[in-house]
Each structure stands twice: as structure tokens, then as C-alpha cells.
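Structure, as C-alpha cells:
Residue numbers begin at 1 in each chain, while the letters A, B, ... track the order of the sequences.
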Amino acid sequence: MNLLDSLNPQQLAAVTLPNQPALILAGAGSGKTRVLTTRIAWLIQSGQVSPQGILAVTFTNKAAKEMLTRISAMLPINVRGMWVGTFHGLCNRLLRAHHRDANLPQTFQILDSADQLSAIKRLLKGNQIDDEKYPPRNLQLFINSAKEAGLRASAVELSSEMRDDYNRKFVELYSMYDTQCQREGVVDFAELLLRCYELLLKNEPLRTHYQERFRHILVDEFQDTNVLQYKWLKLLAGVHNAIFAVGDDDQSIYRFRGANVGNMADFEREFRVRNVVKLEQNYRSHGHILDAANALIRHNAQRLGKNLWTEAGEGEKVRVFEAGSDGLEAAWLVDEVRGLIGEGHLRSEIAVLYRSNAQSRVIEHALFNAGIPYRVYGGLRFFERAEIKHALAYLRLIENPADDTAFLRVVNFPPRGIGARTLEQLQDAARASNQSLYAAVGSLTGKAGSNLGAFVKLIDSLRFETANLPLKEIVAAVIDRSGLIAHFKTEKEGQERVENLQELVNAAVGFAAEEGYAQDAPATQGETEAALPSPLAAFLSHASLEAGENQAAEGADALQLMTVHAAKGLEFHAVFITGLEEGLFPHENSVTEIGGLEEERRLMYVAITRARRRLYLSFAQQRMLHGQTRYGIKSRFIDELPEGVLKWLTPRLREGAGPRLGQWHDAGVRPAVAAAAPQVQTRNGYRIGQTVRHDRFGEGVIIKLEGSGSDARAKINFGSQGIKELLLSIAKLQTA
DNA sequence: TCACCAACTGTGTCA
DNA sequence: CAGTTGGTGA
């Protein structure tokens, strides 16, 4: 059977393009993954490249796995060892292999965003910096967005308006943070990419080596790359190699973590891309669903332009339900799901989508009471659970004693008489001698010192005793000898935690099997050369890079619950999009961000296009949120759908009847903010959330209006130009 | 030092 | 509401 059979003309054209820069604009459900995997298989099969000459980048581990599965189904080759993975995974691999050149210890650990935040808090505390004046969250955001733009502290240029002491301090703290990470041998997510980029940039032989090796570079979800990832790709491509980029600007939904849709246009220009292929035939959804998606996305101004079509018939209309409350919405959903299951549909073919994780609780509650099996994706995931992070911290200390974050997490957990005073002394000593906390323990004497000494001894003996054990035994030894199991056994609510810790042992076994480590092989092999990292090191990377699911029960047939973000790339027979209320979806925070609303609309577009045959939209008149009842109105996104494709399941009130509220308002007891501003604020004809244009700063969004008359001022977010406060009577603002 | 409770706060999506 | 911080008493 030929690989290329049954591709449509556009798909075929894309798959067989010559080795030149190419941009594939692939609409939802147009066979994007198929094109990518078939091209890889075709390149290999036709002898144009060996499996080792391919670099394929995706955003999620799920997508990478899917790609490898499909390739191995098409070709009789061993896909293990192929360079197919996420940006973070591939960078990790490169940095491990060349840790010396990258100036990292071989055992460097990866910080997830929670670890990063606590490292930042520790930095501020250690330097007596007021964390009210410099909120750790803001600093984290500042550091990450700088890194995502490819900028070290020394390269961060403050715009002229921002060049004050306050902003300079942020840059200084950024630099101090990097120093701290370097001393501790840890890297955060963005650092993984930046360090790898710098490695290739500065090390010419290494760069040339990889440029010559990776003849074909393929990128999935190109619209979600950030500036740094794009630079990384350009560097690897060099002058000879072609990048085959697949993306859909209408599905760009990761701006909040630095994604830059502009990369698509930049790529087209900088690489003089002559091969642009549009895949517009949709094989997934019926007509009415597609019509809804097309109509919605047409409300966005910033688009490359694309219109999906299908040969399938119109199909069913999109069902819309208005519920009295979030609880009633869930009750209705349960009924509908029962009906679908009754018609013989698999539970796993039905998805319930929501904008934010917090919304899952009400739905879970209703499903649980109805006895419908379900599986929640996202939320608090396995490797993010407190007890698991504790166990991982012990493992990290075995690998890398300089990891102060891990040290502080478990030095007194379970409690072993080491309190705040002692740790303060220790931190002082460590700072004075520029050592890790672990190394500084020896310099402390007295009773406090002896408790610390016992802890260090515990870690040392664990490292010594587990040195030649397989991964499974190491993990088992750690959760036992650390006292974690014993500690949680005495807690009344601790049973689940004990089970999770035991599950961690299983996860280690599963990981070792999947990675091909022999079960009885010692876990600390490969100390020499640029060899493979030890299984323990690999397992720790895996835990950081892939937070894991929070519920096991793999193959079981269960209803699928997830955020819209998590649903990208998936498809289902029936899809419920819930909580379609102003303030929730679109999210209220998005309204004051430049382009925020368009991003929310793309998110809605992604949600709609997940459905093959049946689509439900629902919203609730009232909802419990953050402990108080909020009254909402239906999302503007429902209004943006053509009336003809909708089928209302609830009687509709006459539009405009009754009081229409401009935004969420607060019905709880807490006074202040929301209650004080029940309607949209306006000044001189401007309103909050409005997009305006300024001659010098470009496009911005009004986030605050103050004063009146000639003193009327507007606070405007100009994105990269910063937030400015302007006098409305002076600033010449154009309204879009 | 540590367990416990009260008060406070923030609240979006992810690798 | 849930997670965190701060204070108190044993």
C-alpha cells in the first residue's frame, strides 16, 4: 500500500514538497497530523533522509507520542531514538548531552512554575527585599517573558518611560535569580530553551554538527511558538535546511505564555517561503458545526484568512441551553449524557469542555452522584501533588544536593525538629560562604546543627545505599526511609497520599519499561562521556516536563472532562461547551489585554471544532464563583453564531427585555470593587476595554479611567510599550 | 518547634 | 471557596 494514497490534492502537495521552507496553513480537522507524519514517513521511505536526520517539534507530549505511533505504523523502523518531541523535551536532551558546554551540572534539575515561584520568594527573602513592593508573581512573569523573548537581564532594554529605579530593580532581581539558579544547578522551563539556544549560538562546532544532522525540521502548531523558539528553529535550520511549519493562526491560544502568531508572517518573509499550502477541507465535523465555527472566527480582524468546508452534510444543529444556575446546567448535562449513552455512544466519545479548571467541580459532583464514570484532564496533576513533590524532592537531593528548593521543601518534612530559626542561621551561613544549604550544614554547631546533620546523613546514606539499585527500588527506598509513608499513615486524611506515594513507585516502573531501561539495571549508569542520563535523572526530568494525569484508569470508558486548552488537537463525537457567560468565556481578564478578546474567540473556535457530529452550548444565569454567587449573561460568542445553525433547547426571552447588565456584578456580601462599579465606566466617550491607537505607542487597551473634565485620564495597556497613563484632553487617541 | 486557628487574599489557560 | 500567612499557646 502506498503512503500517499488517499491524500487529497492539497495534502499530497504538502507531503511531497521539495526540501524548501514551507508553511502549511492547516485548518481544524484538515488532517494536519496526518500530513506531518506522512511527510516524515515519505522522506524516509524515499531515501531522502535517514530517521536520524529528522527533527520534529510539537508542543505537547501527547502529540509527540501520537506522531511516533503513527510513523511506526507506516514504516518498519524503530522510532525510539528519533528526535521527535516537545521544545522543552528536545532542549533537555541536548543540554544533558552537552551539559559541560552549556555550563550545567550533569544532574541539573528542572523547576516547574511552582518551584520557580518558591525560588523567587526565597531570593527576595534572602536579600531582604519587600515582597509587597516587588510581588514574586510579577517578577516571575517579568523573568519568563524576558527569557521567552530570548533576553538575558543584561540585554533587557527598558523603554524610556520605564527606566526608573523600580523597573531597574526588576532587571537586577532577574540577574540575581539567574545567579541563584546557576549556583543550585536548576533551570526553569524558559531557561531550558534559552540555555539551549545560547549553547548552539556560541558553540560553532556543535551548531554545525546539528545543522548538518537535521536535514529536515518539522514543526507542529507553529502558531504557538514564541520568539525564542522561533530563533532556536532558525539557528538549527542554518542556511541549508528547510523548515516545514504546520500551523493555524485561528487556533493560536497560548499568547499568555509568550506565543507569537506573528512568527508565521515573519517566517514567510524571512525565509522567502514560496510554498504555502492551505488545507481547508475538513474531515471532522458536519456542516452546521463548521458554519458556526466559520461565522464565529470571521469576527476576528487579525487573520491570515481561511475558510473550512466539508463534503459531509449539514448534520444536526448546534443545541443551546440556558440554565438557571451552574447546578442546573450540570443536571441538564447529566440528562443529555445519559441520553447519548443510551443511544449507544461511548462515554469516551463525549467531551465536556470549560474555560477554566475551577468549573469542573460542579460538573464532577453531578456526574459522581449520577454514577457516570468520568475522567478529568488537567487540574491538579499527579506530579504536582504535595506528597509526590515531597518524594521527588528527596530524589532530587540524591541526584543534586545543591538544589536548595528541594532541600527546603523536605528538610523538615516529615517534622524533625528543624525550625525557622535554624534554617535562617543555615541560610546566613550558606550565603556567607556562597555554598548550597546542604554543603553549609557542616558549619553549624549545637543542637540545631545535629538535627540538620541527621538529615544530611539520611540523604547521604540514601544516595549511597541506592546507588546501584534499579529505579523502582530507589523510589521505594526513598518514600520509606524518608519517613513520608509513616508520616501520612498517622494522618487521618493521609490514606490517599500513601496510595499516591505507592503509585509513584508504579510510575517509576512504567517509566523504566517505556524508556527501555532494564528493570534490574543499576539506576546510576552512564557517569561518563555525553552518555545517557541515569534512569533516575531521566525520571526526574520526565516528572517535571510531563506533569502526568491525575486519574489512572487508562482504558476505561469514561466521559472526558477538560479545559478548552487541553482539548486542542482532540476530537469527539459529541462536545459540550459549558459556562458560556460573559466574564467567564470570554474571560474577564482578557478584556483589558490587547488582542485578548480575539484570543478568547480563537479559543471558542478551537472548542467548536472539536465536535464531529453533535455540539451543545450552555450557560447559566447564576454561578458560584470564588465563594459567591455571580449573575451572568450569555456570552457574546453565542450571539456571533448564525441563528440558522442554532437550536434552542430553552425558551428564549425577547432580546433586550429586562435589565441587561454590561458585565458581571457582585451579589455577595463583600462590598467594594464589583458592587461599586455596576456598569461600564465611561469618560469623554471612552470606556474600559476599548481598543485605541496612539501615534507613538501604537495599539492599546483602556484599563482604567479616572478624573473628569480636563483632568480625565486613561490608563492604557500598550503591550510591549508598557502601561501608560494619558490625559484624554491632550493625548490624540484614535478609536478603532 | 510545631500544631492549630483566624484572617486574608486572589482567583486563566500550560510545558 | 481554597490556599496561604500570621499569630498564639503548649
Side-chain angles (χ1 to χ4, degrees), chain A residues 57-64 85-92 110-118 121 131-132 135-137 141 144 147-148 187-193 221 224-226 228-229 252-259 353-362 377-381 383-384 386 412-424 447-448 451 491 541-548 562-568 579 583-593 596 599-600 602-604 606-607 623-630 664 668 670 672-674:
Chain A
V57 200
T58 64
F59 273 84
T60 63
N61 295 295
K62 207 192 277 172
T86 64
F87 279 102
H88 294 87
L90 294 169
C91 286
N92 180 46
I110 300 165
L111 302 183
D112 67 21
S113 39
D115 295 334
Q116 184 189 31
L117 190 61
S118 61
K121 284 181 181 163
D131 61 359
E132 304 225 327
R137 281 267 355 176
L141 229 67
N144 287 341
K147 287 189 180 181
E148 279 154 10
V187 299
D188 57 57
F189 283 141
E191 181 72 23
L192 223 39
L193 298 172
E221 310 277 15
D224 284 332
T225 51
N226 62 35
L228 178 56
Q229 287 161 339
S252 164
I253 56 174
Y254 283 108
R255 218 181 37 137
F256 70 90
R257 64 167 199 219
L353 309 184
Y354 33 79
R355 175 65 179 80
S356 56
N357 280 308
Q359 287 165 249
S360 76
R361 282 192 50 242
V362 183
Y377 292 81
L380 186 59
R381 288 174 293 181
F383 288 116
E384 290 168 357
N412 196 35
F413 194 93
R416 41 177 78 90
I418 301 168
R421 279 287 302 279
T422 311
L423 288 176
E424 239 166 71
K447 181 171 169 293
N451 283 345
E491 273 195 353
S541 294
H542 167 80
S544 302
L545 293 172
E546 196 174 352
M562 66 192 84
T563 62
V564 181
H565 281 91
K568 187 157 88 155
L584 247 196
F585 198 178
H587 195 277
E588 53 196 336
N589 293 359
S590 71
V591 178
T592 53
E593 287 166 15
E599 173 127 330
E600 294 285 310
R602 290 193 293 271
L603 201 47
M604 180 69 183
V606 168
R623 176 179 300 274
M624 277 294 273
L625 213 60
H626 314 314
Q628 45 192 303
T629 308
R630 300 235 270 175
W664 286 90
R670 223 166 22 165
V673 206

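Taking atom CZ of Arg361(A) as the reference point, atom C1' of dG3(C) lies 13 Å away to the nearest angstrom. At whole-Å resolution of the value, CG in Asp131(A) and P in dT9(B) are 13 Å apart. Summarising the geometry, the separation between CG on Leu117(A) and P on dT9(B) is reported as 18 Å, rounded to the nearest angstrom.
Of the two residues near DNA chain B, Leu423(A) and Arg137(A), the one whose nearest nucleotide lies more 5' is Leu423(A).
A distance-only check finds a donor-acceptor pair linking the side chain of Ser544(A) to the backbone of Ile110(A) [under 3.5 Å]. Side-chain atoms of Glu599(A) never come within 3.5 Å of backbone atoms of Gly596(A) as a donor-acceptor pair (strictly under, hydrogens ignored). Checked by atom type and distance alone, the side chain of Glu148(A) never pairs as donor or acceptor with a backbone atom of Ala190(A) at under 3.5 Å.
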Restricting to nitrogen or oxygen on both sides, can you table the protein-nucleotides 5-9 of chain C pairs closer than 3.5 Å?
none

Might you list the N or O atoms of the protein lying below 3.5 Å from N or O atoms in nucleotides 12-15 of chain B, with each pair's distance?
residue, atom, partner, partner atom, Å
dG12(B), O4', His587(A), NE2, 3.4
dG12(B), O6, Glu593(A), OE2, 3.0
dG12(B), N1, Glu593(A), OE2, 3.3
dG12(B), N2, Arg355(A), NH2, 3.2
dG12(B), N2, Glu600(A), OE2, 3.4
dG12(B), N3, Arg355(A), NH2, 3.4
dT13(B), OP1, Asn357(A), N, 3.1
dT13(B), OP1, Asn357(A), ND2, 2.9
dT13(B), O4', Arg355(A), NH1, 3.4
dT13(B), O2, Arg355(A), NH2, 3.1
dT13(B), O2, His565(A), NE2, 3.3
dC14(B), OP1, Thr563(A), OG1, 3.4
dA15(B), OP2, Arg381(A), NH1, 2.9

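Taking CG of Leu117(A) as the start and CG of Asp188(A) as the end, the distance is 12.0 Å to the nearest 0.5 Å. Atom CG in Leu228(A) sits 8.0 Å away from atom SG in Cys91(A) (nearest 0.5 Å).
Comparing dT13(B) with dT4(C), their P atoms are spaced 15 Å from each other, to the whole Å.
Contact annotation: Arg416(A) does not reach the phosphate of dC2(B) (side-chain N/O to OP1 or OP2, under 4.0 Å).
Using a 4.0 Å heavy-atom cutoff across all strands shown, Asn412(A) reaches sugar-phosphate atoms only and no base atom.
In this structure Asn226(A) satisfies the side chain to side chain donor-acceptor pair (under 3.5 Å) test with no other residue, sequence neighbours excluded.
A ring pair (Phe, Tyr, Trp, His ring centres under 6.0 Å) with His565(A) is found for one member of Phe256(A), Phe59(A), Tyr377(A), Tyr354(A) and no other, namely Phe256(A).
Within 6.0 Å of the CZ atom in Arg416(A), the count of heavy atoms belonging to other residues, nucleotides or ligands exceeds 12.
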